[in-house]
2 protein chains.
Amino acid sequence: MERSIQQFIERYLSVSFLVNKRGAALMKCELDDVTHDQYYVLRYIYKRGMCTSTELADVFAVNKSAITAMTNRLVEKGMIERGKDGDDRRVISLTLTEKGKIWLIETEQKVYELVQTMMTKLSYEEIEQFIQTYEKLAIILQEMEENK
Amino acid sequence: MERSIQQFIERYLSVSFLVNKRGAALMKCELDDVTHDQYYVLRYIYKRGMCTSTELADVFAVNKSAITAMTNRLVEKGMIERGKDGDDRRVISLTLTEKGKIWLIETEQKVYELVQTMMTKLSYEEIEQFIQTYEKLAIILQEMEENK
DNA sequence: ACTAAATAGTTAAACAATTGAACTATTTCG
DNA sequence: CGAAATAGTTCAATTGTTTAACTATTTAGT
């Protein structure tokens, strides 16, 4: 393996871990009694309008039983609701309640301000390039997962 | 807030979450009975030679009691050991055992191959630029945390 | 020099996220 | 039709985390 690639890997492992941990710690301050993971679940359902447990398990790369546990907590908190929907009676649809929508919209505002504070220290071009590469990595990772 | 910034934020939140989750899921396959977080702790101690609970708690942005729990498990697994060291008798030093070092070196090899597979789909320049920006973000996040 | 405050680390109780295996209910398909 | 696949749940166990209370030690103010 080339020396330079090895250094890239080293730097990538260190920095990605740090940014995730610290980013999550900062975000947590804005999320009342909802956890970081729960926030992303609410966010995902909101953007999709509705979704299923199986879909969430795929997207979040966890077991379906982990999704059951999380959605149970979100239902208890009154943020989402389960519903029957469609022909297939095995499928349970997940949607945000009114309360969930209101909470998410308010919270998105705070999270946006946080990310914005971070991003505006960089140039427009740098952000664009960074996110583009990040999106490429997401696709590459998905391919790697499928080829396994 | 500008429209374009808002889209950046939206894209960033989605993609960073995805890459973290999927990256962690892929890495987990290479880490026998050591968890993802434990791997990063071992990695950090190895790179430092030795370190303390307080330092780990700072770096990982968690409470010291979380570090106590994690290091307990790593000691039970025979990967690290606690030791007295230095003048300050409150301080407990954490170092890798021989077993821990051997395990880490072997595992780093596997993880490197994984990250390398991912990275070689990008150009040298693109990786360099990506990591540079990532490192800037790490510094920005640290500053944001301090100014809070 | 003495005491109060700060620091390093642990413990214990509680909760969230996760896995894996076993399970129910429903749908698909040979 | 009947077997296999699929959607989701339940349960037990492990891990990571927080908060508060605690011990032991060091630092600093007066």
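We name chains A, B, ... by the order of the sequence lines, and we start the count at 1 in each one. Predicted model, so just to flag it, every value in this text is computed and none were measured.
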Among C/dA17, C/dT11, D/dA7, the one nearest any side-chain atom of A/Gln38 is C/dA17
Nucleotide nearest B/Met70 (side chain, heavy atoms from C-beta), chosen from C/dA8, D/dG16, D/dG8:
D/dG16
Starting at the 5' end of DNA chain C, which residue's closest nucleotide do you reach first, A/Thr35 or B/Ser93?
B/Ser93
The side-chain hydrogen bond (donor to acceptor under 3.5 Å, both in side chains) partner of B/Gln132 among B/Glu128, B/Lys136, B/Gln129, B/Glu135 is B/Glu128
Contact under 4.0 Å: B/Lys21 side-chain N or O vs C/dA17 OP1/OP2:
no
Counting only side-chain nitrogens and oxygens, does A/Arg82 get under 4.0 Å of the OP1 or OP2 atom of D/dG8?
no
Using a 4.0 Å heavy-atom cut-off across all strands, classify B/Lys28 as base, sugar-phosphate, or nothing.
sugar-phosphate
Let me check something: do B/Ile139 and A/Tyr12 share a hydrophobic cluster, defined by ILVMFWY side-chain heavy atoms less than 4.5 Å apart, either directly or through other members?
no
Given the rule that I, L, V, M, F, W and Y join up when any side-chain heavy atoms are under 4.5 Å apart, are B/Val91 and B/Leu56 in one cluster?
no
Near DNA chain C, which residues from residues 46-60 of chain A have a heavy atom under 4.0 Å away?
none
Rounded off to whole Å, could you give me the [atom1]-to-[atom2] distance for the [X] and [N] pair?
X: B/Asp32; N: D/dT14; atom1: CG; atom2: C1'; answer: 17 Å
X: B/Lys84; N: C/dA8; atom1: NZ; atom2: P; answer: 14 Å
X: B/Ile92; N: D/dT26; atom1: CD1; atom2: P; answer: 12 Å
X: B/Leu74; N: D/dG16; atom1: CG; atom2: C1'; answer: 12 Å
X: A/Lys77; N: C/dA16; atom1: NZ; atom2: C1'; answer: 9 Å
X: B/Asn72; N: D/dG16; atom1: CG; atom2: C1'; answer: 13 Å
X: B/Tyr40; N: D/dG16; atom1: OH; atom2: C1'; answer: 16 Å
X: B/Leu31; N: D/dT14; atom1: CG; atom2: C1'; answer: 16 Å

Under 6.0 Å between ring centres, would you say that holds for A/Phe17 and B/Phe60?
yes
B/Phe130 ring center near B/Tyr134 ring center (under 6.0 Å)
yes
Mind listing the N/O atom pairs, protein and nucleotides 21-26 of chain C, below 3.5 Å?
{"from": "C/dT26", "atom 1": "O2", "to": "A/Arg90", "atom 2": "NH1", "distance (Å)": "3.3"}

Do side-chain atoms of B/Asp32 reach the backbone of B/Val34 as a donor and acceptor pair under 3.5 angstrom?
no
Donor-acceptor pair, side chain of A/Thr97 and main chain of A/Glu81, under 3.5 angstrom:
no
Going by an N to O cut-off under 4.0 Å, is there a salt bridge joining B/Lys21 and A/Asp37?
yes
Under-4.0 Å salt bridge between A/Glu98 and A/Lys101:
yes
By nearest-heavy-atom nucleotide on DNA chain D, the more 5' of A/Ile67 and B/Asp37 is A/Ile67
List the steps and the verdict of side chain to side chain donor-acceptor pair (under 3.5 Å) for B/Thr35 and B/Lys28.
CA-CA 7 Å; B/Thr35 69; B/Lys28 206 175 54 183; over 6 Å; no
